[in-house]
Structures are given as structure tokens and as C-alpha cells.
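Following: one structure in C-alpha cells, then a few remarks.
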Amino acid sequence: MKHKEYNPAEIEPKWQEIWEKKGIFKASDDTGKPKYYALIEFPYPSGDGIHVGHPRSYTALDIIARKRRMEGYNVLYPIGWDAFGLPTENFAIKNKIHPRIVTAKNVARFKSQLKSLGFSFDWSREVNTTDPSYYKWTQWIFLKMFEKGLAYKAEMPINWCTSCKVGLANEEVVNGVCERCGGEVIRKVKSQWMLKITEYAEKLLNDLEIVDYIEKVKIQQKNWIGRSEGAEVSFEIDGTDKKLVVYTTRPDTLFGATYMVISPEHPLIDEMKDRIENWSDVVEYRMLAMKKSDFERTEINKEKTGVPLKGIMAVNPVNGKKIPVWTSDYVLMSYGTGAIMAVPGHDTRDWEFAKKFGLDIIEVVAGGDIEKEAFTDIETGVMVNSGFLNGLSVEEAKEKIIQWLEEKGLGRRKVNYKLRDWVFSRQRYWGEPIPLIHCEKCGWVPVPYDQLPVTLPEVENYMPTDTGESPLANITEWVETECPKCGGRGRRETDTMPQWAGSSWYFLRYIDPHNDNEFAAIDKLKYWLPVDWYNGGMEHTTLHLLYSRFWHKFLYDCGYVPTPEPYQKRTSHGMILGENNEKMSKSRGNVINPDDVVAEFGADAFRVYEMFQGAFDQPIPWSQQGLRGCRRFLDRVWKLQEILVPGEGYSEKLDNIMHKTIKKVSEDFEKMKFNTAVAALMSLLNEFYAAGAVTRGEFATFLVLLNPVAPHITEELWQICGYEGMLHEQKWPAWDETKVIDDEIEIAVQINGKVKDVVRLSREATKEEAKAAVEASETISKLLAGKTIVKEIYVPGRIYNIVVR
RNA sequence: GCGGACGUGGCGGAAUUGGCAGACGCGCCAGAUUUAGGAUCUGGUGGCGACCCCGUGCAGGUUCAAGUCCUGUCGUCCGCACCA
């Protein structure tokens with residue numbers, strides 16, 4: 001019988017249309033079924049169209065989503081657009097097109113590209129962060145935070161990108177340059193809206209215990225939050241009533257503090273102006289430090305610099321010793337109290353500084369050689385030269401000194417975090433307007449909830465201003481408004497929100513995307529939350545994940561969402577590199593366009609390829625040959641029609657491998673071992689051809705197993721071969737554990753650990769039976785001639801090893 | 001510097017609790033088919049002409065048995081980076 005050729009260009013659009021028409025991937029809010037919420041990071045619709053990296057994540061969770069549906073779940077697998085952001089705005093400026101139009105165009109392109117790949121997204125729940133009906137709720141959440149005191153305005157030295165002319169969060173500065181454009185970043189003081197994420201540091205850290213994130217992600221979150229335990233200690237400034245408070249994780253070394261260092265920005269410098277004898281030196285140093293970019297300032301291996309505050313001495317509270325106070329930019333104003341007690345004997349940085357400037361080094365923990373280097377070991381050291389702490393271990397000394405400090409009122413136990421508050425202002429046009437109005441009488445007043453959203457005004461020019469103000473600042477008729485509280489003159493905030501805002505809660509909006517009265521109805525949230533499985537890139541594990549957890553926890557505390565954590569499970573995919581093993585980029589000329597791949601090989605081959613090529617969490621280089629191989633596999637699947645024979649069950653010969661494959665594929669999908677799952681299906685296919693026939697029952701199971709990876713071809717074959725109903729409605733196959741186990745297996749026979757022969761044995765063969773089988777082997781008996789058997793080891797089902805001398 | 005991951009054929013990569021290293025795919029070789037190329041099909045494919053033997057970055061160790069465990073060492077990648 002002659003069959004039609006496999007033609008993905010024909011069958012793929014056909015099935016995409018059928019799925020869409022029937023609405024089969026629409027999640028219902030029918031709470032009778034168990035729910036499953038699968039989530040991928042919604043894309044930023046850039047002008048370049050989708051990248052081959054996008055489908056890696058989307059296919060993976062599409063596999064999970066499709067499998068779950070066949071397992072009887074009500075699945076939510078949504079998609080949307082994280083569409084605010086700089087690249088669109090920059091493109092708009094350059095080409096004089098409104099960013100809204102650019103966005104719409106990019107979204108349309110992305111949408112058609114994603115649709116061509118056959119993902120089972122519920123398109124009816126599509127969201128777009130730039131849609132006023134969406135950002136109305138982004139603003140609403142912001143106002144709730146403002147109400148609770150979590151949003152505040154502060155004069156902050158911020159990271160200023162000299163090229164984008166925009167303030168950046170610490171996280172957007174990579175190696176001292178702008179994450180987006182690579183431009184130089186300097187420090188600039190601006191009044192900025194801040195979000196108090198630090199208030200949630202403890203919860204964000206502790207609740208990592210109750211979620212199922214891959215370990216790597218948890219570790220990165222923990223490091224970013226950076227919790228440390230220690231103490232705050234007050235030092236008196238000699239001859240004044242002023243105190244200098246420091247934070248230290250090593251209060252045990254207090255006797256070894258020989259000088260103090262304060263950050264150049266520390267307010268004490270100005271307070272002590274009259275007493276500082278070398279004021280001009282200090283001012284000069286401070287100016288120099290402020291001019292430095294963060295990059296220069298934090299560059300490692302840099303010679304330490306600093307100047308003493310002459311005339312200022314601090315008093316060590318444990319022994320009354322007077323010690324000098326210096327200022328140096330290795331002490332950061334933004335961490336702890338902006339001041340440290342320097343213990344050069346036991347801190348590497350302090351040691352370097354002391355060596356350079358000839359300051360005293362005292363050993364207070366014995367065990368190292370402080371002439372050569374700081375001794376920082378806290379496990380083995382014993383306290384010396386430390387009065388009442390002498391002889392204690394570091395751990396004991398910490399406890400004792402903290403108690404002593406607290407009793408004397410000189411200090412207290414303190415926990416600190418590296419996590420900083422979130423700079424939430426951007427001086428840009430293409431973002432959510434911050435919905436606040438400044439009134440001279442009333443201060444900052446929120447725009448009333450019933451007036452949300454505060455929409456972006458139409459403007460002629462959305463170029464950033466040279467002063468660094470948002471382009472919105474130039475639109476007088478928009479800026480000038482009434483104070484909602486007193487009716488007097490008010491001015492709108494002209495800063496907009498960062499791109500992270502809209503993505504901090506989008507997974508909630510998917511649950512109830514068309515709700516005009518609330519961001520999502522609580523009963524729906526109760527049904528769908530938490531997200532069961534969230535997959536995304538490692539590049540978002542610190543920022544986006546932390547921010548969205550923070551927003552979610554805030555909403556939880558307010559009673560608006562039912563779970564303390566948004567995502568139950570988080571996994572990450574590896575990057576897809578260019579064929580030359582480098583990151584894909586236009587400048588490297590190694591970009592693969594998914595459209596070309598679909599046109600030449602089909603979406604199914606593309607999907608199979610991306611799942612098969614390597615381990616899901618590892619980076620993989622692109623390989624056109626590998627892709628060709630996956631297409632060949634599908635061609636061979638297609639041609640199975642030619643050897644299809646009647647029989648609803650499995651043939652005796654293949655029964656065992658059928659059950660094995662069902663088990664392997666089912667389990668591998670869950671573990672995201674897609675490459676070995678596909679390999680198992682390829683092996684099964686080879687078995688079909690080796691057998692020369694495949695029964696209808698075997699083929700049906702094969703198609704179901706392959707369906708989540710290659711949905712179009714399998715659905716088409718299901719139809720062509722006249723199976724009942726549609727493939728996606730079928731049940732996920734079950735395997736029979738007793739049939740997975742082989743009754744008779746091959747056991748390797750080793751001599752001194754080296755395989756010499758193989759014998760066929762029952763899985764449960766006794767040692768005697770095994771021995772008999774082994775002795776029957778000619779190869780073995782030949783090799784054993786003249787040797788003395790020392791020992792024989794038999795592990796049923798595994799190995800038979802003969803040790804000889 | 002700190003934290004994490006990794007190192008296996010010509011290539012991408014497989015290998016439950018330590019138990020036949022190299023599944024699956026690519027590439028390559030031979031054959032079939034074809035006017036030819038491509039495509040397809042069949043067989044082969046870690047090294048060595050063959051046996052022996054040697055083989056999971058390198059050097060040791062534990063074990064009847066090590067890619068897997070332990071010690072040391074080299075290299076690559078990722079994250080953080082003066083956080084007191």
C-alpha cells in the first residue's frame with residue numbers, strides 16, 4: 001500500500017487550526033478536576049523574533065502539560081508578553097515609531113512564530129504587561145505597597161548608565177557596566193522610589209525550605225539574600241559624646257580591633273569636621289571616592305586606599321584602648337552601619353590595609369601566623385590576648401562577648417543581609433507610570449483606586465531628557481493635576497516602573513485575565529495556586545524570582561493570595577549555543593532562525609531535536625546535522641504505517657520492551673530527561689523495524705508516548721490509521737511492573753573483575769545454578785585452567801566474578 | 001578570593017544502590033538501490049593489523065569489582081564579588 005509522504009508543512013498548520021477551533025487547550029475553571037499549573041517565563045517580544053532558546057523551555061513544559069492532560073488533569077499552560085522595556089523604547093526613538101506600535105508588531109510576530117511550533121498554550125488567557133487593563137493592577141499592587149509603607153522615596157546614590165541615561169538596579173550592573181547596553185555606570189544621587197524588599201529578607205530566605213526548587217537556584221537565592229549573624233558594637237569617640245556603631249560577624253575578635261574604618265559617605269565625617277585636623281585631605285579623598293564608578297571602587301585586587309581622620313580617636317569598649325579612625329572606600333555605606341572595627345590579625349582586608357599603612361596587628365585567635373597573613377579559621381582557633389575570653393573557642397567567645405556587650409549596653413546581637421532595597425524608579429517613557437501625585441500640602445498622595453490605571457499619555461517625543469528626568473516630565477498638561485486629597489495643585493510622579501514590575505505578578509493574572517474588578521478572583525486563585533511547575537533560565541533566578549516571590553508574599557500577607565509561595569517547583573534549562581559553541585548573537589553571525597528550521601524540517605523535528613540533543617539543564621551547541629537526524633527519525637515514524645499489522649495488544653516478542661519504554665518515557669519526562677526519553681522511543685522504533693511489523697496496539701502506544709514531543713505528526717498518524725477519537729484525548733499509557741522485569745537475563749562472568757563471558761540465567765538464579773552455568777562455559781574453564789580460585793562473588797541479576805591467583 | 005557545576009569515542013551525549021563503559025543520535029566506512037548526485041535501505045564503527053592488552057582530564061587510594069567512593073592535582077564553564 002502506497003502512503004502519502006510525510007509533509008509537515010501541510011499537517012502542522014492543519015492540526016494547529018483544529019486545536020484552536022476546538023479550544024482543546026483552554027483551561028477550564030471547573031474545579032471538579034485536579035488542576036495543574038505549568039508556567040514558562042513569558043517572553044519579552046523583541047524585534048528579532050523568537051530565538052531557538054525560547055522553544056527549549058516551552059517544549060519541555062508543553063510535554064509536561066500535554067502529558068498531564070492525558071493523565072486527567074485540568075491544565076493551565078498560559079502565555080503572555082513582558083512587553084515594557086528599554087529595547088523597544090530605544091528602537092522607537094531611533095525609528096520614530098511609537099513604542100506601542102513597535103510592541104504590537106513584535107507581539108504579532110512572536111505569536112505567529114510560537115503558534116507555528118504547536119505549543120498547547122491557552123491563548124485565551126494571553127496577557128500583555130503594557131495593556132492598561134493589565135498595568136492597572138500593577139499600579140494597584142504598587143499602591144497597596146505604598147499604603148503599607150513598603151514604597152518610599154529616598155535620595156540615593158544610584159547606578160546611572162551614562163549611555164541609557166537611566167538608573168539601574170544593582171542587579172542590572174554587571175561587572176561595572178550596564179547589563180543591557182554595556183555602557184559605563186557611575187554613581188549619581190537621585191531621588192528614587194524604593195521598595196522595601198529587605199523587610200521580607202527573612203521570609204524569602206526561610207521559605208526556600210518549603211518549595212521544590214533545584215538546589216542551584218536555592219543556593220543563588222540564599223547567596224543573594226546573604227544572611228549573616230553577628231553583633232553591633234558601639235565605640236565612643238574620645239572626647240565627645242558621639243558614638244560610632246559598627247557591625248561585625250566576629251565580635252569574638254573585639255580585643256584585636258586596632259583601628260576603625262568608616263565609609264567616605266559616613267555622616268560622622270561631617271559631624272566631626274571641626275575636630276578633623278587634616279580636613280582637606282579627607283574631603284579630597286571623599287571626592288575621589290564618589291567620583292569613582294562602582295566598578296572601579298569594587299574592583300578586586302585593587303590596592304587599598306584611605307586617609308586617617310587625624311584628631312579623632314575611638315575607644316575600644318572592652319579595654320578602653322584608644323584606636324585611630326580612618327576612612328576608606330573598601331567600607332561600603334550601604335552595608336551594615338557603614339563603619340567597621342578593623343581586626344587586621346583575623347580579617348584579610350583589614351590585614352592588607354594595616355600592612356600598607358603600618359597599623360598595629362594583634363593576635364587574638366591563636367593557630368595561625370599573623371605576620372604572614374590574617375588567620376581567619378574559626379574552627380580550630382583558641383582565644384588569646386583577650387582578657388576574659390582567653391582559652392575559649394571562637395564559637396564560645398562569640399556567645400560570651402555578645403552577652404557581655406548586651407549586659408553593659410555596649411552592643412547587641414544583630415542579623416544582617418546583603419539584600420538591598422529595590423530601586424523601583426526608571427526615568428523612562430515605556431513603563432507603568434507610578435500612580436502617585438505630589439502635593440505641596442499633603443506630600444505624596446496615591447491616585448485613588450477608582451482612577452486607575454494612570455495611563456501613559458500620548459507624546460510627540462519619548463526621548464529621555466538630558467537632565468535625566470523621564471520624558472513624561474515635559475508633558476505639562478499630564479504632570480499638572482489636582483491633589484486627590486485637598487484639591488490643590490498637584491504634580492504627577494513622572495518616573496515609571498522597571499520591567500521587573502509587570503513580571504512580578506503575571507502568573508496571577510493568567511488565573512483570571514479578564515477580571516475588571518480585581519487582579520484575580522480569590523476562589524480562582526485558591527483553585528489554581530501555587531504554580532505547580534515553573535521553568536525558566538538561570539539568568540532570572542536571582543532577580544525575577546526574588547522579586548516575584550516578594551510581591552507574592554506581600555499579597556499573601558494582605559490576604560489577596562492563598563499561598564505563601566507562588567511557585568511550588570522551579571527548574572532551569574541550559575542555553576542553546578551557536579554551532580561554534582559560542583553564545584548566539586548577530587555579531588557572531590551564528591544565529592539560527594526558528595522560522596527557517598520549521599520551514600525546512602517542520603516544528604515536530606525542531607521540538608524533537610531540542611529535547612534530544614543534550615541534557616535539558618546543560619548548555620548545548622546547535623547542530624544542523626543533529627536536527628537532520630531527528631527529522632529522519634520522524635520520517636521513519638511516518639513509514640511505520642507500512643508495517644502496521646492488526647492486533648490491539650502487544651506482540652509477545654515486543655511486550656517486554658513496550659512496557660519498559662512506557663516506564664522509561666513516563667519517568668524520564670518527569671525528571672526532564674527528555675534526551676533519554678526520546679532515545680528510548682528511537683530504540684523502540686528500531687525494534688519495530690527489526691521485527692518487521694508493528695501491531696495497531698503497539699503503534700497506538702508509541703504515538704501516545706511521542707505525542708507530547710511531536711504533537712502534529714502523531715495526531716496525523718492517529719487519524720490516518722483510523723484510531724478512534726483524537727490522540728490528545730487518549731489516556732497516558734500505564735506499564736505493568738511485572739512485565740518490565742526480564743525473567744531471563746545475561747550475566748557477565750568476570751575473572752579478576754574483567755568480563756570474559758556472558759551466561760543466560762534466570763533473574764533469581766541461586767549461586768549454585770549460576771556456578772553451574774559458569775562452569776559450563778568453555779571460555780571460562782579454559783581461562784581457569786591451572787589457576788587457583790580464591791573467591792567467587794555472585795550478585796544475582798548483576799555479576800559473577802571469579803577471583804583467581 | 002568564595003560558592004556551584006563539569007571533564008567519557010571523530011562529535012552531541014548515555015550509564016539505578018559501585019556490577020558488561022560508550023545507549024540513542026550525528027559523522028565515517030562498506031554494500032544495495034540510483035544514469036549521477038541527493039534521499040533511502042542493510043551491515044560495521046573506542047584504540048591497536050590481529051590476539052593479548054589499553055581505555056571515562058592527571059596521580060594515588062579503597063574494593064572481588066571504580067566513569068561512579070576517598071585524597072591530591074590540572075583544566076573548563078557559570079554565579080557572587082572588599083557584604084566586615
Side-chain angles (χ1 to χ4, degrees), chain A residues 171 174-176 215-220 222-224 226-228 230 246-251 253 257 260-261 263 297-302 304 328-332 334-343 346-350 352-353 416-420 538-539 541-542 574-575 579 581 608-609 612-615 617-630 632-633 635-636 639 664 667 673 675-686 689 745-758 790-804:
Chain A
E171 304 88 80
V174 176
N175 289 330
E215 204 50 34
K216 202 161 54 158
V217 171
K218 280 193 188 183
I219 289 167
Q220 285 195 18
K222 278 180 195 161
N223 289 346
W224 195 265
R227 183 181 196 272
S228 73
V246 301
Y247 172 71
T248 177
T249 54
R250 294 293 305 275
T253 61
M260 306 193 74
V261 187
S263 163
R297 209 166 143 165
T298 59
E299 207 173 357
I300 200 88
N301 296 332
K302 181 193 69 171
K304 287 198 170 27
S328 170
D329 64 6
Y330 83 89
V331 174
L332 310 173
S334 49
Y335 183 76
T337 62
I340 61 156
M341 63 177 210
V343 184
H346 306 283
D347 181 283
T348 313
R349 297 152 302 181
D350 297 344
E352 283 169 20
F353 193 81
N416 250 332
Y417 298 92
K418 285 199 234 174
L419 185 69
R420 311 285 159 79
M538 277 310 285
E539 65 273 26
T541 49
T542 40
M575 253 203 288
E579 215 144 10
N581 238 308
V608 170
Y609 168 74
F612 175 68
Q613 191 62 8
D617 59 349
Q618 296 299 121
I620 41 164
W622 186 262
S623 160
Q624 202 71 9
Q625 288 298 344
L627 174 61
R628 193 158 279 134
C630 290
R632 201 169 295 155
F633 165 63
D635 283 328
R636 278 160 57 82
K639 286 187 197 144
K664 175 85 180 148
E667 292 180 348
K673 299 188 76 165
N675 53 338
T676 50
V678 172
L681 288 168
M682 288 173 168
S683 292
L684 181 58
L685 178 86
N686 290 341
Y689 278 108
I745 48 166
E746 283 192 339
I747 292 244
V749 184
Q750 300 180 328
I751 294 179
N752 287 348
K754 302 218 161 121
V755 180
K756 298 295 174 185
D757 200 11
V758 195
V790 179
K791 199 173 173 185
E792 284 174 80
I793 297 122
Y794 170 58
V795 183
R798 296 230 185 268
I799 206 87
Y800 195 101
N801 190 12
I802 304 165
V803 184
V804 299

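Letters A, B, ... are given to chains in the order of the sequence lines, protein chains preceding strands, and every chain is numbered from 1.
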Residues passing the salt bridge (charged side-chain N to carboxylate O under 4.0 Å, His left out) test with A:Glu667, sequence neighbours excluded, are none
Just jot down the side chain to side chain contact (heavy atoms under 4.5 Å, CB included) partners of A:Ala339, sequence neighbours excluded, or say none.
A:Leu244, A:Val246, A:Ile262, A:His266, A:Thr337
Pairs under 3.5 angstrom, nitrogen or oxygen only, protein versus nucleotides 22-29 of chain B, please.
residue, atom, partner, partner atom, Å
B:G25, OP1, A:Asn686, ND2, 3.3
B:C26, OP1, A:Arg632, NH1, 2.7
B:C26, O3', A:Gln625, OE1, 3.4
B:G27, OP1, A:Gln625, OE1, 2.7

Can you give the dot-bracket line for RNA chain B, using ( ) for pairs inside the strand, [ ] for pairs that cross earlier ones, | for pairs with another strand and . for unpaired bases, where Watson-Crick and G-U count if both distances are under 3.5 Å?
(((((((..(((......[....)))((((((.......))))))((.....))..(((((..]....))))))))))))....
Output all residues satisfying salt bridge (charged side-chain N to carboxylate O under 4.0 Å, His left out) with A:Asp347, sequence neighbours left out; order by chain, then residue number.
A:Arg349
Hits for salt bridge (charged side-chain N to carboxylate O under 4.0 Å, His left out) against A:Lys756, two or more places apart or cross-chain, chain-then-number order -> none
Using the test salt bridge (charged side-chain N to carboxylate O under 4.0 Å, His left out), find all partners of A:Lys664 that sit at least two apart in sequence or belong to another chain.
A:Asp668
A:Ser228 side chain: which of B:A84, B:C80, B:C82 is closest?
B:A84
Would you tabulate the nitrogen or oxygen pairs shorter than 3.5 Å linking the protein to nucleotides 59-67 of chain B?
residue, atom, partner, partner atom, Å
B:C64, O2', A:Asn801, ND2, 3.1
B:C64, O2, A:Asn801, ND2, 2.6

Using the test side chain to side chain contact (heavy atoms under 4.5 Å, CB included), find all partners of A:Gln625 that sit at least two apart in sequence or belong to another chain.
A:Ser623, A:Arg628
Counterpart residues, side chain to side chain contact (heavy atoms under 4.5 Å, CB included), relative to A:Asn752 (two or more places apart):
A:Val803, A:Val804
All side-chain hydrogen bond (donor to acceptor under 3.5 Å, both in side chains) counterparts of A:Tyr247, not counting sequence neighbours:
A:Ser228
Whole angstrom is fine here: how far is it from NZ in A:Lys216 over to P in B:G3?
17 Å
B:C80, OP1 or OP2 - any side-chain N/O from A:Thr542 closer than 4.0 Å?
no
Not counting sequence neighbours, which residues clear side-chain hydrogen bond (donor to acceptor under 3.5 Å, both in side chains) with A:Arg632? List them please.
none
Send over the distance from A:Glu746 CD to B:A21 P, rounded to a whole Å.
13 Å
